[in-house]
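One structure is given here, and the rest of the page talks about it.
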Amino acid sequence: MTYDVIVVGSGPAGNTAAIYTVRSGLKTAIFTGLSVGGQLTITTDVENYPGFTKIKGLELMNNIIKHSETLGVDIIYDSIKEIDFSKKPFKCKTEGGSVYETKNLVIATGARAKWLGLESEKHFLGAGVSGCATCDGNFFKNVPVAVIGGGDTAGTEALHMANIASKVYLIYRKSSFIRMNKTLADKILRNEKIEVLFNSEVLEVCGTDNPKSVESLKIINNINNKTSEIKVNAMFVAIGRKPESEIFASAGIIVDEEGYIVTEKDSSRTNIKNVYAVGDVTNKKYKQAIVAAGYGCIAGLEIEEDKENYEI
Ligand code: NDP
């Protein structure tokens, strides 16, 4: 099967690109990947997507996918595992064993959570260790918890947990908030339920195995090397994300030192002609659904523009 456009990834970025390309008469498919709809589906309430005063992330995402499907985009519930950019049309192999061809490819695969890399973190993953307070925070009502990190995600997650938990330790390796936006940092420092442990790093997650649950964290002060233990029942790791760009990088797409796909300035065009990248896989700063959707729109318009000069 040959498409004009294959979109890899089914979040706001990928769907918006598909909505634009299918409306300009291009035969378009979205490969959903394993997490259909992406990050938005694990977000509870969304209150900053224009047109919706308040909507559940999952409902908004389902609406967006339905929108693509209604316009005639093929929604294919499979993942792309290998791509050959050496000849046109590009060949895409799927996890399910099929091969598809496409004249244009839109990479909209997003980014996944980063972890501290501790054995004990892995051991308690899903049993008190989580990468998303918005998703799992409600399981830790009225008990103490910790959030790790010093960026806007950590700040947002700490504030979110302050409404749920009995106490929130925000554990950050630097001596002040150098990265978090000031309004958020001020809110954190004023919140009586949040205790910020600066210059601190987690050494070990401790707990029981029967049932598997977190009971405390061993931490170290990286200035005086003093270790201590804090009682918490959950650890939310919010130390950034890793873009899902590996298969594209190994096929020749240029990525930066953190793995984000490099595009032309104010554009979705990558270093390979007719390959476009949009959303969190290329944007390390503004990880918002509306921004991702905006970039999806840019890719849709650029594919339309580039159609005139398409070269085999
Ligand atoms: P960031 O990359 O901004 O921050 C990651 C944080 O984790 C940093 O404080 C970093 O420390 C810390 N960190 C990284 N690796 C480790 C490690 N191995 N051990 C301990 N700490 C570590 O990621 P975010 O997810 O917070 O934000 C990403 C982007 O999304 C930002 O541009 C942010 O502004 C944006 N965002 C915006 C929101 C909003 O507008 N409401 C909400 C959430 C995110 P250090 O500072 O020392 O490097």
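Order of listing sets the numbers, starting from 1, for every ligand and every atom in it.
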> So which protein heavy atom does atom 36 (N) of ligand 1 come closest to, and at what separation?
Replying inline: Asp152 CB, 3.8 Å
> Taking side chain as C-beta onward, heavy atoms only, is Met235 less than 4.5 Å from Leu116?
Replying inline: yes
>> Give the atom numbers and elements of ligand 1 that come within less than 4.0 Å of a heavy atom of Leu116.
In response: 19 (N), 20 (C)
> Looking at Gly151, which atoms of ligand 1 are within less than 4.0 Å of one of its heavy atoms?
Replying inline: 4 (O), 6 (C), 9 (O), 26 (O)
> Closest non-hydrogen protein atom to atom 7 (O) of ligand 1, residue and atom name please, with distance?
Replying inline: Ile239 CA, 3.1 Å
> For ligand 1, is there an N or O atom under 3.5 Å from any N or O atom of Thr153?
Replying inline: yes
> Taking N or O atoms only and a 3.5 Å limit, does Arg179 qualify as a polar contact for ligand 1?
Replying inline: yes
> Which atoms of ligand 1 sit under 4.0 Å from any heavy atom of Lys174?
Replying inline: 45 (P), 46 (O), 47 (O), 48 (O)
> Relative to Phe124, does Lys122 satisfy both conditions: NZ or CZ under 6.0 angstrom from the six-membered ring centre, and within 45 degrees of the ring's axis?
Replying inline: no
> Do Trp115 and Leu125 come close enough that some side-chain heavy atom pair is under 4.5 Å?
Replying inline: yes
> Is Thr156 in polar range of ligand 1, meaning some N or O pair under 3.5 Å apart?
Replying inline: no
> Atoms of ligand 1 less than 4.0 Å from Tyr172 heavy atoms?
Replying inline: 9 (O), 11 (O), 45 (P), 46 (O), 47 (O)
>> Quick test: of every protein heavy atom, which one is nearest to atom 41 (N) of ligand 1, and how far off is it to 0.1 Å?
In response: Gln288 NE2, 4.2 Å
> Does Arg173 reach ligand 1, in the sense of a heavy atom lying below 4.0 Å from it?
Replying inline: yes
>> Arg241: which residues meet the salt bridge (charged side-chain N to carboxylate O under 4.0 Å, His left out) condition with it, sequence neighbours left out?
In response: Asp280
> N/O of Tyr286 under 3.5 Å from N/O of ligand 1, yes or no?
Replying inline: no
> Would Tyr100 and Phe31 count as a ring pair (Phe, Tyr, Trp, His ring centres under 6.0 Å) if you check the C-alpha gap in whole Å, the side-chain angles of each, and the deciding distance to 0.1 Å?
Replying inline: CA-CA 11 Å; Tyr100 293 82; Phe31 282 77; 5.0 Å; yes
> Considering only the protein, which heavy-atom contact is closest to atom 28 (C) of ligand 1, and what is its distance?
Replying inline: Lys284 O, 4.0 Å
> Closest non-hydrogen protein atom to atom 9 (O) of ligand 1, residue and atom name please, with distance?
Replying inline: Gly150 N, 3.0 Å
>> Can you report which non-hydrogen protein atom sits closest to atom 23 (O) of ligand 1, along with the distance?
In response: Gly240 CA, 3.7 Å
>> Check for me whether Met180 has a heavy atom closer than 4.0 Å to any atom of ligand 1.
In response: no
> Taking distance alone, with no angle check, do Ile148 and ligand 1 share an N/O pair under 3.5 Å?
Replying inline: no
> Where is the nearest protein heavy atom to atom 30 (O) of ligand 1: which residue, which atom, and how far?
Replying inline: Lys285 O, 3.0 Å
>> Can a donor-acceptor pair be found, under 3.5 Å and without considering hydrogens, that links the side chain of Thr153 to the backbone of Gly151?
In response: no
> Any side chain to side chain donor-acceptor pair (under 3.5 Å) pairs touching residues 77-87, not counting sequence neighbours?
Replying inline: Asp78-Thr94, Asp84-Ser86
> How far does OG of Ser24 sit from CG of Asp4, to the nearest 0.5 angstrom?
Replying inline: 9.0 Å
> If we only count heavy atoms from C-beta on, is the Asn48 to Ile290 side-chain gap below 4.5 Å?
Replying inline: no
> Does some side-chain heavy atom of Ile220 sit less than 4.5 Å from a side-chain heavy atom of Lys226?
Replying inline: no
>> If only side-chain N and O atoms count, and only distance matters, is there a donor-acceptor pair under 3.5 Å linking Asn199 with Asn221?
In response: no
